[in-house]
Q: 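Got a structure for you, written out below as structure tokens; questions coming shortly.
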Amino acid sequence: MSSTARTDLGRALCIITGASRGFGRTIATDMSRLVKPGSALVLTARSVDDLRALQAELAESEAGRAGLVVECVVADLSQKGGLESIVSVSKEAFSEDMDHVLLVNNAGSLGDVSRYAKAFTDMAEVDSYLSLNVSSSLCLTASVLQAFPQRPGQQRTVLNITSLCALQPFRSWVLYCTSKAAREMMFRVLAEEEPDLRVLSYSPGPLDTDMQMLARSRTADPSIRKSFSDMFAQGQLLTCEASCAKLMKLLLEDNYTTGAHVDVYDV
């Protein structure tokens with residue numbers, strides 16, 4: 001932990017999943033402004049067009065003109081080959097004088113919220129969801145930690161984008177709540193096992209994204225659906241930019257308890 005807030009994230013290798021849009025895209029943009037020259041961003045998602053558009057935008061930014069390296073990896077995280085591609089590109093983008101390796105586990109999907117728990121009898125369907133939303137995060141994190149072992153003078157940070165759903169049950173959201181709870185415990189265990197690693201689960205709050213639109217239109221439970229619709233109608237959704245600013249503040253101050261769940265409203 002640092003006693004005073006830093007003004008940058010160092011000369012860093014930042015690996016960001018789900019970077020093509022929404023909160024992941026905002027994280028990539030904000031981190032590009034906070035890393036020192038000579039840093040590299042490895043952005044991964046399934047949408048090649050959105051990734052390329054972000055890469056081009058960052059190349060034209062002040063950081064891009066100052067030499068920030070931005071690599072894109074179009075990958076399905078639920079597939080072994082996708083994870084291997086991310087690690088391979090990250091190794092190529094890394095240089096020995098980088099003093100910070102930062103992995104952002106942001107990718108995830110809402111899942112089918114149009115049904116209640118008792119409707120999920122298809123094990124293959126559930127396994128497929130958990131593979132993308134849980135298994136991939138563990139396997140990618142483990143692969144990155146092995147590829148970039150702890151060494152003197154270098155910080156390693158693992159960030160998990162979590163949710164209130166990791167702590168609180170939402171009716172008809174059994175897949176999403178289960179995945180978020182599992183991921184959070186996974187990273188708490190990691191923090192216990194790796195005391196030199198900085199681990200944070202950040203809950204960004206109700207964001208004005210495509211996922212929120214799905215929540216308002218497809219949620220089976222009427223009371224849960226109404227709560228999301230009311231938040232939207234009353235202008236209570238947060239912008240990705242506002243929430244991400246709080247996340248960057250946490251990372252720069254670096255005073256959170258490793259393994260902790262920190263909510264946007266507590267920052």
Side-chain angles (χ1 to χ4, degrees), residues 6-77 79 81-108 136-137 140-141 143-144 147-148 154-161 200 202 204 207-211 238-252:
R6 299 173 294 188
T7 57
D8 60 66
L9 295 173
R11 187 172 187 188
L13 170 67
C14 303
I15 306 163
I16 306 168
T17 70
S20 61
R21 55 186 176 176
F23 196 57
R25 193 180 203 281
T26 306
I27 291 173
T29 302
D30 281 7
M31 282 189 172
S32 74
R33 299 177 182 131
L34 290 177
V35 294
K36 286 183 175 178
S39 295
L41 266 57
V42 176
L43 311 177
T44 179
R46 287 182 286 186
S47 171
V48 61
D49 292 341
D50 290 341
L51 273 181
R52 295 299 182 200
L54 176 57
Q55 184 183 40
E57 180 181 308
L58 293 178
E60 292 299 317
S61 69
E62 184 177 343
R65 293 194 298 271
L68 176 71
V69 174
V70 181
E71 300 287 354
C72 294
V73 184
V74 180
D76 182 347
L77 292 180
Q79 301 297 317
L83 300 184
E84 291 174 344
S85 295
I86 295 168
V87 174
S88 176
V89 171
S90 298
K91 284 182 175 180
E92 291 175 7
F94 182 76
S95 63
E96 291 298 319
D97 54 356
M98 288 180 174
D99 55 21
H100 197 174
V101 175
L102 201 156
L103 170 63
V104 183
N105 288 284
N106 169 70
S136 68
S137 292
L140 177 60
T141 300
S143 297
V144 168
F148 304 102
Q154 183 185 80
Q155 178 175 340
R156 298 185 303 167
T157 302
V158 173
L159 177 61
N160 171 41
I161 303 304
L200 173 64
Y202 176 70
L207 301 175
D208 190 6
T209 61
D210 290 344
M211 186 178 286
L238 302 175
T239 65
C240 291
E241 290 74 18
S243 182
C244 196
K246 298 265 187 96
L247 172 58
M248 295 304 123
K249 180 175 184 287
L250 280 170
L251 294 176
L252 290 173

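Every heavy atom of this structure was used, including side-chain atoms; hydrogens, water molecules and symmetry mates were not.
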Q: Where is the tightest heavy-atom contact between Gly18 and Asn106, given as atom of each residue plus distance?
A: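 Smallest heavy-atom distance, with atoms named: O-ND2, 3.0 Å.
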Q: With Ser143, which residues qualify under side chain to side chain contact (heavy atoms under 4.5 Å, CB included), at least two apart?
A: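 For Ser143, the residues satisfying side chain to side chain contact (heavy atoms under 4.5 Å, CB included) (neighbours in sequence not counted) are Val87.
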Q: Between atom CG of Leu43 and atom CD1 of Ile16, what is the distance when rounded to the nearest 0.5 Å?
A: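 Interatomic distance, Leu43 CG to Ile16 CD1, rounded to 0.5 Å: 5.5 Å.
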Q: Quick one: list whatever passes side chain to side chain donor-acceptor pair (under 3.5 Å) with Asp210, sequence neighbours left out.
A: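 Once residues adjacent in sequence are excluded, Asp210 has no partner under the side chain to side chain donor-acceptor pair (under 3.5 Å) criterion.
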Q: For Ser137, what residues pass the side chain to side chain donor-acceptor pair (under 3.5 Å) criterion, not counting sequence neighbours?
A: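 With sequence neighbours excluded, Ser137 shows a side chain to side chain donor-acceptor pair (under 3.5 Å) to Arg183, given in chain and number order.
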Q: Under 3.5 Å, is there a donor-acceptor pair between the side chain of Ser243 and the main chain of Cys240?
A: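 No; judged by distance alone, with no hydrogens or angles, the pair does not exist.
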Q: Has Ser39 got a side-chain atom pairing as donor or acceptor with Val35's backbone, closer than 3.5 angstrom?
A: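 Absent.
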Q: Do the non-hydrogen side-chain atoms of Leu102 and Ile15 ever get within less than 4.5 Å of each other?
A: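 They are not in side-chain contact.
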Q: Apply side chain to side chain contact (heavy atoms under 4.5 Å, CB included) to the pair Ile161 and Ile27, showing each step before the final yes or no.
A: CA-CA 11 Å; Ile161 303 304; Ile27 291 173; 4.1 Å; yes
Q: State, with a plain yes or no, whether a side-chain heavy atom of Asn160 is found less than 4.5 Å away from one of Leu200.
A: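 No, side chains not in contact.
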Q: Applying salt bridge (Lys or Arg N to Asp or Glu O under 4.0 Å) as the test, list every pair that has at least one member in residues 40-53; sequence neighbours left out.
A: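 Applying salt bridge (Lys or Arg N to Asp or Glu O under 4.0 Å) to every pair that reaches into residues 40-53, excluding sequence neighbours, yields nothing.
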Q: For Leu34, which residues count as a side chain to side chain contact (heavy atoms under 4.5 Å, CB included) partner, sequence neighbours excluded?
A: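 Partners of Leu34 under the side chain to side chain contact (heavy atoms under 4.5 Å, CB included) test: Leu9, Met248, Leu252.
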Q: Might you point out which heavy atoms bring Met31 and Val104 nearest each other, and give the distance in Å?
A: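 Smallest interatomic distance, heavy atoms only, reads CE-CG2, 3.7 Å.
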Q: Run the numbers on Leu77 and Ile86 for side chain to side chain contact (heavy atoms under 4.5 Å, CB included), then give the verdict.
A: CA-CA 9 Å; Leu77 292 180; Ile86 295 168; 3.3 Å; yes
Q: For Thr141, check side chain to side chain donor-acceptor pair (under 3.5 Å) against everything at least two apart and list the hits.
A: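 Only Asn105 meet the side chain to side chain donor-acceptor pair (under 3.5 Å) criterion with Thr141.
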Q: Once side chain to side chain donor-acceptor pair (under 3.5 Å) is applied, what residue pairs with a partner in residues 7-25 remain, sequence neighbours excluded?
A: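 Found Arg11-Asp97, Arg25-Glu57.
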Q: Under 6.0 Å from the NZ atom of Lys246, do we count more than 12 heavy atoms belonging to anything else shown?
A: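 Yes, because the 6.0 Å sphere around NZ of Lys246 holds more than 12 heavy atoms from other groups.
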Q: To the nearest 0.5 angstrom, please state how far the CG atom of Leu103 sits from the CZ atom of Phe148.
A: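 Separation between the atoms: 10.0 Å.
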Q: Please name all residues satisfying side chain to side chain contact (heavy atoms under 4.5 Å, CB included) with Gln155, sequence neighbours left out, ordered by chain then number.
A: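 With sequence neighbours excluded, Gln155 shows a side chain to side chain contact (heavy atoms under 4.5 Å, CB included) to Arg6, His100, Thr157, Arg198, Asp254, given in chain and number order.
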Q: Which atoms form the tightest heavy-atom contact between Leu83 and Ser136, and what is the distance?
A: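 That would be CD2-O, 4.2 Å.
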Q: Would you indicate whether the side-chain heavy atoms of Leu41 and Ser32 approach each other to under 4.5 Å?
A: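 In contact.
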Q: Between atom CE of Met98 and atom SG of Cys14, what is the distance when rounded to the nearest 0.5 Å?
A: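 Spacing of CE (Met98) from SG (Cys14) equals 8.5 Å.
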Q: According to salt bridge (Lys or Arg N to Asp or Glu O under 4.0 Å), who are the partners of Asp30, at least two apart in sequence or on a separate chain?
A: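 Asp30: salt bridge (Lys or Arg N to Asp or Glu O under 4.0 Å) contacts with Arg33.
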Q: Per the salt bridge (Lys or Arg N to Asp or Glu O under 4.0 Å) rule, what does the pair list look like for residues 60-72, sequence neighbours excluded?
A: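 Salt bridge (Lys or Arg N to Asp or Glu O under 4.0 Å) check on residues 60-72 returns no pairs.
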Q: Listed by chain and number, what are the salt bridge (Lys or Arg N to Asp or Glu O under 4.0 Å) partners of Lys91, not counting sequence neighbours?
A: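 Lys91 satisfies salt bridge (Lys or Arg N to Asp or Glu O under 4.0 Å) with no other residue.
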Q: Mind listing the closest non-hydrogen atom pair of Leu13 and Ala93 along with its distance?
A: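 In this case the closest contact between Leu13 and Ala93 is CD1-CB, 4.1 Å.
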Q: Is any side-chain heavy atom of Leu247 closer than 4.5 Å to one of Pro204?
A: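 They are not in side-chain contact.
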Q: Ignoring hydrogens and angles, tell me if any N or O in the side chain of Ser61 forms a donor-acceptor pair with the backbone of Leu58 under 3.5 Å.
A: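 Here the side-chain-to-backbone pair exists.
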Q: Residues in side chain to side chain contact (heavy atoms under 4.5 Å, CB included) with Thr239, at least two apart?
A: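 Testing Thr239 for side chain to side chain contact (heavy atoms under 4.5 Å, CB included), a comparison that skips the adjacent residues, returns Glu241, Ala242.
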Q: Are side-chain heavy atoms of Val74 and Leu51 found at a separation under 4.5 Å?
A: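 Result yes, sub-4.5 Å side-chain heavy-atom pair found.
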Q: May I ask you to decide if the ring planes of Phe23 and Tyr202 are parallel, tilted or perpendicular, using 30° and 60° as cut-offs?
A: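 Answer is parallel, since the angle falls under 30°.
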